[in-house]
Amino acid sequence: MSPLTRSVLVTGSNRGIGLELVRQLAEMTDPPEHIFAMCRNPNGPQGKSLRDLAAKHPNIHVVQLEVVDQSSVKAAVSVVESHLKSKGLNLLINNAGVNSYATLQTVEQQEMLSVFNTNVVGPILVVQGFLPLLKRAAKETATEGMSCAKAAIINLTTKLASIQRGFEVTESPLYPYRASKAALNMVTACLALELKGDGILCTVIHPGWVKTDMGTEKAPLTVQCSVEGILKVLANLSSSSTGAFLDWEGNSLPW
Ligand SMILES: NC(=O)c1ccc[n+]([C@@H]2O[C@H](COP(=O)([O-])OP(=O)(O)OC[C@H]3O[C@@H](n4cnc5c(N)ncnc54)[C@H](OP(=O)(O)O)[C@@H]3O)[C@@H](O)[C@H]2O)c1
């Protein structure tokens, strides 16, 4: 089997789905040459599991990244560039995100803005910063069409952000979270249109309801199972998947 990709970057990779993505990528039979595991506090206690994992895999590079801080993004781009030498970055996974349980009655302006900042503005800043490296990867890869092996941006979303499905889910208004992920979906649609000519595939993926700090113990899906599914989906993405809204099993979801 051909490798999924040569280089991959995962934001928010110190716990939850991000940490498991890095673990499973590193443990592949044909792993990426470079796995950039981004974490906003790599030297603190929050970064311990990631540091322990990186100690076992020399292809994992732990890099500081606070997605809503432009100077952090700029510094991270320099670090990634120094590892890639003159090569491009093939796969960017915008996984970092925050939830909020605010309701119509309780939501405050600051919470709305803060969740939008992390879930929408953050991924845009990260894409802006790494776009030259993604474009470089697309240009230097000789294969026709689009794939994660060539150049791709994957944004982690939720099916709760589907407007059509939203009318069926009445018990979780989650105003800041669902609205921010719906906005991230539109950002991804815009990216897919704009970057098609550059050969960069852009897709949103719903990981399922997963047992993590965000998903809670009530979630039916283990993080291992969700990430196994996501990686299979990534391996099968092609030109026809750009601009798609998929779940961890590869099913299409309505916008
Ligand atoms: N779990 C689910 O059921 C589920 C369902 C649908 C979608 N998702 C999506 O899947 C993604 C991962 O979710 P998860 O369940 O793994 O969440 P999680 O366990 O809460 O982990 C979130 C990760 O994002 C990082 N992060 C948050 N804000 C950040 C910022 N400003 N800059 C950099 N990193 C930041 C966190 O870092 P710190 O440790 O520093 O806070 C942590 O590594 C999210 O985008 C989420 O919306 C999850």
Side-chain angles (χ1 to χ4, degrees), residues 9-24 36-51 53 62-76 92-101 111 113-127 129-130 153-162 165-166 169 172 174 176-185 187-188 203-227 229-231 233-234 245-249 251 253:
L9 183 156
V10 184
T11 67
S13 68
N14 55 302
R15 61 189 167 101
I17 294 169
L19 179 63
E20 185 62 19
L21 274 167
V22 170
R23 183 191 315 282
Q24 290 192 23
F36 298 102
M38 318 308 270
C39 164
R40 57 178 157 180
N41 209 340
N43 300 318
Q46 303 95 319
K48 179 155 186 341
S49 307
L50 181 58
R51 290 197 302 274
L53 181 64
V62 179
V63 183
Q64 197 278 338
L65 180 65
E66 162 58 72
V67 300
V68 297
D69 176 351
Q70 274 181 299
S71 58
S72 170
V73 175
K74 204 171 160 202
L92 164 61
I93 305 180
N94 275 311
N95 163 76
V98 285
N99 193 1
S100 153
Y101 290 94
E111 185 156 18
L113 292 174
S114 162
V115 174
F116 263 73
N117 204 21
T118 304
N119 292 355
V120 190
V121 182
I124 290 182
L125 295 180
V126 173
V127 169
F130 287 96
I153 298 167
I154 306 299
N155 293 331
L156 269 278
T157 188
T158 169
K159 73 174 181 190
L160 295 174
S162 158
R165 284 282 181 92
V169 185
S172 311
L174 305 175
Y177 184 64
R178 291 175 70 172
S180 68
K181 292 291 188 179
L184 178 66
N185 288 357
V187 165
T188 313
T203 298
V204 278
I205 294 191
H206 161 64
W209 181 18
V210 190
K211 281 188 208 300
T212 61
D213 293 339
M214 186 186 292
T216 78
E217 266 305 306
K218 282 194 231 151
L221 201 56
T222 64
V223 72
Q224 290 87 341
C225 194
S226 165
V227 169
I230 292 171
L231 291 177
V233 172
L234 295 190
F245 182 1
L246 303 172
D247 72 9
W248 61 285
E249 293 178 300
N251 302 306
L253 293 168

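Whatever order the structure lists them in is the order used to number ligands and atoms, beginning at 1. Since the structure is predicted, the reported quantities are computational estimates derived from the model, not experimental observations.
The line from CG of Leu9 to CE of Met38 is 4.5 Å long, rounded to the nearest 0.5 Å. The CD1 atom of Ile93 lies 10.0 Å from the CG atom of Asn155; values are rounded to the nearest 0.5 Å. Taken from CG in Leu156 to CD1 in Ile205, the straight-line distance is 7.5 Å, to the nearest 0.5 Å. Atom CG of Leu50 is separated from atom CG of Asn14 by 6.5 Å, given to the nearest 0.5 angstrom. One finds the CG atom of Leu246 at 7.5 Å from the CG atom of Leu253 (value rounded to the nearest 0.5 Å). Here the CD1-OG1 distance, from Ile154 to Thr203, works out to 4.5 Å after rounding to the nearest 0.5 Å.
The shortest separation from a heavy atom of Ala219 to ligand 1 is not under 4.0 Å, leaving the residue out of contact. Using a 4.0 Å heavy-atom cutoff, Asn14 is listed among the residues neighbouring ligand 1. Distances from ligand 1 to the non-hydrogen atoms of Leu65 include at least one value under 4.0 Å. Heavy-atom distances between Glu20 and ligand 1 stay at or above 4.0 Å for every pair. Within the structure, ligand 1 lacks Ser226 among the residues with a heavy atom less than 4.0 angstrom away.
Of the protein's non-hydrogen atoms, Gly208 O, 3.1 Å is the one closest to atom 5 (C) of ligand 1. Looking only at heavy atoms of the protein, atom 32 (N) of ligand 1 is closest to Val67 N, 3.1 Å. At the shortest separation from atom 42 (C) of ligand 1 among protein heavy atoms lies Arg15 NE, 3.6 Å. Of the protein's non-hydrogen atoms, the one nearest atom 1 (N) of ligand 1 is Thr212 OG1, 3.1 Å. Nearest protein neighbour of atom 17 (O) of ligand 1, counting heavy atoms only, is Met214 CB, 3.5 Å. Of the protein's heavy atoms, Glu66 OE2, 3.4 Å lies nearest to atom 30 (C) of ligand 1. The single protein non-hydrogen atom nearest to atom 35 (C) of ligand 1 is Ala96 CB, 3.6 Å, given as residue, atom name and distance.
Here atom 7 (C) of ligand 1 lies nearest to Thr157 when heavy atoms of Thr157, Asp213, Leu156 are compared. When the heavy-atom distances from atom 22 (C) of ligand 1 to Gly12, Gly16, Gly97 are ranked, the shortest goes to Gly97. Between the choices Ile205, Val227, Asn95, Ile93, the shortest heavy-atom distance to atom 11 (C) of ligand 1 belongs to Asn95. If you check each of Thr118, Ile17, Ile230, Leu50 against atom 13 (O) of ligand 1, the one with the closest non-hydrogen atom is Ile17.
The N/O atoms of Val98, backbone and side chain alike, include none that comes under 3.5 Å of an N/O atom in ligand 1. For Lys181, a nitrogen or oxygen atom sits less than 3.5 Å from a nitrogen or oxygen atom of ligand 1, counting backbone and side chain alike. Residue Val68 has no N or O atom closer than 3.5 Å to an N or O atom of ligand 1. Geometrically, ligand 1 and Arg40 share a nitrogen or oxygen pair separated by less than 3.5 Å. Close N/O approach between Val210 and ligand 1 is found [any backbone or side-chain N/O within under 3.5 Å]. Residue Trp209 has no N or O atom closer than 3.5 Å to an N or O atom of ligand 1.
Annotation: salt bridge (charged side-chain N to carboxylate O under 4.0 Å, His left out) contacts involving residues 9-23, sequence neighbours excluded, comprise Arg15-Asp213, Glu20-Arg23.
Contacts between Cys39 and ligand 1, counted as non-hydrogen atom pairs separated by less than 4.0 Å, are absent for every part of the residue.
The ligand atoms of ligand 1 that sit less than 4.0 angstrom from a heavy atom of Tyr177 are 6 (C), 7 (C), 8 (N), 9 (C), 46 (C), 47 (O).
The closest donor-acceptor contact from the side chain of Thr11 to the backbone of Asn95 lies under 3.5 Å. A distance-only check finds no donor-acceptor pair linking the side chain of Gln64 to the backbone of Pro42 [under 3.5 Å]. The main-chain N or O of Val67 is never found under 3.5 Å from a side-chain atom of Arg40 such that the two would form a donor-acceptor pair.
Listed here is the closest heavy atom pair of His206 and Thr158: ND1-CA, 3.5 Å. When all heavy atoms are compared, the tightest approach of Val22 to Ala37 is CG2-CB, 3.9 Å. In plain terms, the two heavy atoms of Asn94 and Ile153 that are nearest each other are ND2-CG2, 4.2 Å.
Residues that satisfy the salt bridge (Lys or Arg N to Asp or Glu O under 4.0 Å) test with Lys74, not counting sequence neighbours, are absent from this structure.
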